[in-house]
Amino acid sequence: MGAMWSNEVESIERLRGNDPTLTTLGFQYLAPENFVPLREALTVNTTLTALNLSGLDIGNDGAKQIGATLTDNIHLRNLDLGFNRITRSGIVDFAAGLATNTTLHHLNIRGNRIGPEGGKALANAIEAHPALRTLEAQHTYMEKEGILAFNRILRASNHVLLVFHYDKDEHLRADEEIADALKRNIAAWRLSREQGRLRLPSDLAPPNPAGTRVYSQTRFFTQFKTSATPTTLDELFALVLSFLRLHIAEHHASKVKDSNIVSFRDALRSECEECEVLPPDQQVDDAAQIMWSSAQQLVLPDGRALEFCSLVNEAIRKDGSEELLTHVLPIVQAISLRLHIGNRYVFEEALAEAKGLGEFYPSNTSGSYCYRGSAMPASQVEFYQQMQGHRYRVPGYFTTSLVFERTLFFVMRSLQNVPRGEVRVPVIFRIHVDERGRDHPDYRCTHVARLLKSKLKEEIEFMFVPYAAFTVRSCSFFPAGTYTTHELFADLDPNPDNPTFPEGVWLVDLEAALDSHAEPASLPLAGYY
């Protein structure tokens, strides 16, 4: 919720009064006499998270006032000061405030002539500001001297600056030195220029917890590119049957009657009858996604009942025999066909079925993130603790929901479907994506999309493709009686039917990579997710 674009006096009063509906704000005009009132209002405001002041010609005086705001405001996450006639002295004053702030994530100063000295001042401030993830600094005339001032940040393994946009100038030759700094930075995953991109090289990876596999060691990594999507429904369901037989034989000691496997496959196919009347090039991928969301279950002799999605994910995670992967990977290809932003379906189907790309991208009223509920052995949580500040991959589809309440029930279902003799702990993931990706392709996570063909019509499910990459922001345990104070639970609508966790719960904050294809193949893999 917010005001874009707004009457300046009215909006400043709403800020001062902490209007809870005002979370984003932009102005068509901002008079100089309102710089100080805006600063004073922002100082006491606790609801605004995004402020757009681009193109208002606020100049050096305005930059100074906004910088002073950052000393006290700990709620603003996104700030756009682009094209405001800010020069060296203005950015120096602004940087003084930025250096004391620890919560701003995204800063845009493009189009301001701050020069080399301004670049140095900004670099010094950002070095002291460990939360900043994105800096837009194109057309700022920093030149080589100013750009290279950021080397210290990019060389620091504990810094989290993820995206750095700057001017490319063939005469400056700064790119090679910046790229060398990036090679030494574990946290940074993408470095962009005005006319090209430098990416983190594949030979650099974060420390790998003992005994943890990496993506490049899997059969999935070597076989996926050569697997082909089935072209007919008959071919798809023949693969489903052979996959089920092979997977049960390889990974389940207690065997399942073949007649039960065939009946399970037939039940899945009956749910996909609607696909038979679709155009031929749409039948297979629609059926694959319907199967993924099916509630049909294959009952195992140990008492567990597994849905098709669980069996596919188990096969990916266990990375079985070459023969097994030969049969499951074409199914994975079919399921994934619509899950990559930028493929042939996105714009036509997103607009037609999801009523706009915004609903096709993980986003809710609180921000651009989604949730996942799980249960895992306590020993596996140690992986996420060790990976805080580092990147890893998920060996399977990472399905998420926009609705936190639904996530709680998925946690409880996971706790109830544990193999005999195992003890697991509840884990809730919150996955952040760049909120600007709703409207701008440069910031859009390319390997997540809404599942449009689903048997669960009321469920809004977002899926990350297998081996998607994430950064672990934090991993924290909240004992019973304390987790309800966390912001996620604090915003939960009171409901006596909501699950509770008498033994406490783990909360893991993740940040999705922009493009998993650009991430190193040497990233470690999570054992449970």
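Just so we're clear, the structure is a prediction, and the values are computed from it rather than from any experiment.
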What heavy-atom pair brings [X] and [Y] nearest, and what distance separates the two atoms?
| X | Y | value |
| --- | --- | --- |
| Phe470 | Ala512 | CD2-CA, 3.6 Å |
| Phe94 | Leu81 | CE1-CD1, 3.6 Å |
| Ile290 | Cys272 | CG2-SG, 3.8 Å |

Exercise for the section: Applying side chain to side chain donor-acceptor pair (under 3.5 Å), name anything that partners Asn73, two or more places apart in sequence or on another chain. Expected result: none

Problem - Under the side chain to side chain donor-acceptor pair (under 3.5 Å) test, residues paired with Asn78 that sit two or more places apart - result: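 Partners of Asn78 by the side chain to side chain donor-acceptor pair (under 3.5 Å) criterion, ordered by chain and then number, come out as Glu435.
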
Practice task
Could you tell me whether Arg317 sits above the aromatic face of Tyr528, with NZ or CZ closer than 6.0 angstrom to the six-membered ring centre and within 45 degrees of the axis?
Solution key: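 Checked: cation-pi criterion met.
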
State whether the side chain of [X] and the backbone N or O of [Y] hold a donor-acceptor pair below 3.5 Å, judged by distance alone.
| X | Y | answer |
| --- | --- | --- |
| Gln388 | Gln385 | yes |
| Tyr467 | Ala521 | no |
| Thr400 | Phe462 | yes |

Practice task
Inspect the contact between Glu519 and Arg393 and indicate whether a charged nitrogen and a carboxylate oxygen are less than 4.0 angstrom apart.
Solution key: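 No, this pair does not count.
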
Handout entry: Contact list for residues 306-316, test salt bridge (Lys or Arg N to Asp or Glu O under 4.0 Å), sequence neighbours left out
Key = Glu307-Arg413, Glu314-Lys318

Practice task
Kindly state whether the ring of Tyr384 and the ring of Tyr392 have centres lying under 6.0 angstrom apart.
Solution key: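 Centroid separation for Tyr384 and Tyr392: below 6.0 Å.
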
Exercise for the section: Assign the ring pair Phe224 / Phe220 to parallel, tilted or perpendicular, where the plane angle (0 to 90°) is split at 30° and 60°. Expected result: parallel

